[in-house]
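Beneath this line is the structure, given in structure tokens, with notes to follow.
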Amino acid sequence: MQYSQKVLDHFMKPHNVGKMEVFDSSATEGSPACGDQVTIYLKVNDETHIIEDIKFQSYGCASNIATASIITDLAKGRTIAEAKNITWKEAAEALDGLPPVKMHCSVLAVDTLREAIKDYELKHHLIEKEKFSKDTILAELKKVIYPKVGEDIVTLKMVKYIGFENGTAIIDVDIPKFDKYRDNVGEEIREHLEKFKEITDIKITM
Ligand code: FES
């Protein structure tokens, strides 16, 4: 697998790495695709909402460490509103690219940063807890990467239908029978949705 020099640099010498003892908010997220984990800690200025300090701990692959490193560089000094808009594509681009099968690693880093920001906003009553809806399912499906091209299945228009009835999530995905990533995509959708207590059953048709 070909990694850019930037990925290698951030992997060998990650920035902002370590546990923060005193912090304003934090989040730990795991990737359903591989089981790896990242924790992000934030120190935020209560008046300006600027992220003054940020640290991460990673229990994962080289891309996981490199994307967590670059994402903390990108977020430091920005307001939480700005940092929330950092995308996984931006993180991958800042690393001069990632192999398509490794794009989910950048999704994990960005997702963890967003969750840490959400934790801060909830604690400071800047937002209210979101109500579960079909949009919640859609947002999760945007995190499922089709490994062949390194793009999410919603952007690729592979998701044909999303339904939610009486606790059952119904997802229809357009993916050829002979596609070697078919099972991975199905499994990842399932793992992304299983964490919601509102979902008691998942029906995926392909
Ligand atoms: Fe697990 Fe990269 S393979 S985050």
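Every heavy atom of this structure was used, including side-chain atoms; hydrogens, water molecules and symmetry mates were not. Start at 1 and go down the list; that is how both ligands and their atoms are numbered.
- Protein atoms of type N/O/S that fall under 2.8 Å from atom 2 (Fe) of ligand 1 number 2 in this view.
- Under a 4.0 Å N-O distance rule, the pair Glu151/Lys89 qualifies as a salt bridge.
- Looking only at atom types and distance, the side chain of Asp9 has a donor-acceptor partner in the side chain of Gln5 under 3.5 Å away.
- A salt bridge is absent between Lys118 and Glu121: the closest approach of a Lys/Arg side-chain nitrogen to an acidic carboxylate oxygen does not fall below 4.0 angstrom.
- Counted by atom type alone, Thr205 and Asp172 present one or more donor-acceptor pairs between their side chains at under 3.5 Å.
- Under the 3.5 Å distance criterion, with hydrogens and angles disregarded, no donor-acceptor pair is assigned to the side chains of Glu21 and Tyr41.
- Ser4 and Asp96 form no side-chain donor-acceptor contact under 3.5 Å, judged by distance and modelled atom types alone.
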